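In what follows, chains carry the letters A, B, and so on, assigned in the order in which the sequence lines appear, proteins first and then strands, with residues in each chain numbered from 1. Below, all heavy atoms of this structure are taken into account, side chains as well, without hydrogens, waters or symmetry copies. Nothing here was measured: the structure is a model prediction, and the numbers come from that model.
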Amino acid sequence: MKDGAKVTTIEGLATDGALHPVQQAFIDHDAFQCGYCTPGQICSAVGLIAEGRAKTAEEIRELMSGNICRCAAYPNIIAAIQQAMTVMGSKP
Amino acid sequence: MMNFEFARCTDVADAVRQIAAHPGAKFIAGGTNLIDLMKKDVERPLRLIDISRLPLKAVTETPDGGLRIGALVPNTDLAYHPLVEQRYPMLASAILAGASQQLRNMASTGGNLLQRTRCYYFYDVATPCNKRNPAVAARPSKGLIACTPSSAPAWSASRRILPTCVWRSPRLTPRCVSMEAHAPADTRTGMLAGAGRSGLLCLSRRSYEQPETQHFPLLCGQLLAPRASAAQPERSLHCGTNEAAGRRLASLTAHPPSLAKCAICRQILKVRTVCLSWACTDLCGGR
């Protein structure tokens, strides 16, 4: 169904060895424990920021709700996304 | 998962031709329902016909002031569409109350309306289920709402939506009933409630004895006052707190609804996403 589509995975986010702002923010805020869900969380966060609909923590939580984290790192994930939004200039 | 063939189609007519030529084939658009069911072994299509690239992704205004929605418009795009946000705020809110953003990004409008029951028994093939194969179990006595073994849920079968049709573009009419709020109450009578653009909470009744659908305009469980017909309870229910909605609704009925009823109404309208009154007039092909 997606034959021919351009797909960006976690491996495609860094440029020339420099981490993507969302990747850096996840490290800064310790937004993972086991790391199993992290690639999906980060890719969803990048998509969320690109869509530009979420502004508040509550809206971020709602739009990230499809990503489950069994280590329950949710507060740190929200903080990381908020930092990345500020860094990327998408927050008013 | 069993093996299956996969094919694309060039246009709507080609899609209809292909599904007619391949017994056991199914259309796939977003895949957020069908793929799950295939993994669970509930659906076993021999061939998937991918309609996701057909040009059915536009939302356009109709001359009567309604909207015509392409069957392949993703849930997210529909919920955030300016005209839907402006004219059908409860519909937008209901869409966003369903699933998660990732699923809504994939799921199509047509697929949303045709998705199958979420019942656990239905998903567990080790348990009997009359929705999974109603042709062999618990068929209603006169067969009016009997669903053929297809992807169409009971109510859409009764509305003559055939599994071999490509459902091109549901329409929202200016006075539509916009949401299903109640599943069929029993095997003999279908009771459905919805919120309308015209502002009515409407209870619809259809029975074998009386196959014509009857509509009873209601608000918070009571018949709506005639003078309320021009008002917009949908907006009243959508905005603000339960208390604020109750105050706005109070002007529409002889007896103001209680806070509890008001809260229930808001919950009903928000939770269920399925739209009832997309006029099913734009079918193409079919048996």
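- B:I28 approaches A:M1 most closely through the heavy-atom pair CD1-SD, 3.7 Å.
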Full working for side-chain contact (heavy atoms from CB on, under 4.5 Å) between A:E51 and B:N105: CA-CA 11 Å; A:E51 287 171 358; B:N105 283 341; 3.3 Å; yes

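- Counting heavy atoms from C-beta outward, B:Q101 and A:L48 have side chains that stay 4.5 Å or more apart.
- Heavy atoms of B:A29 lying under 4.5 Å from chain A belong exclusively to its backbone.
- Few gaps surround CZ on B:F6; more than 12 heavy atoms of other groups in view lie less than 6.0 Å from it.
- A distance of 9.0 Å separates CG of B:L96 from CZ of A:R53, quoted to the nearest 0.5 Å.
- Taking every heavy atom of both residues into account, B:R104 and A:L63 meet most closely at NH2-CD2, 3.9 Å.
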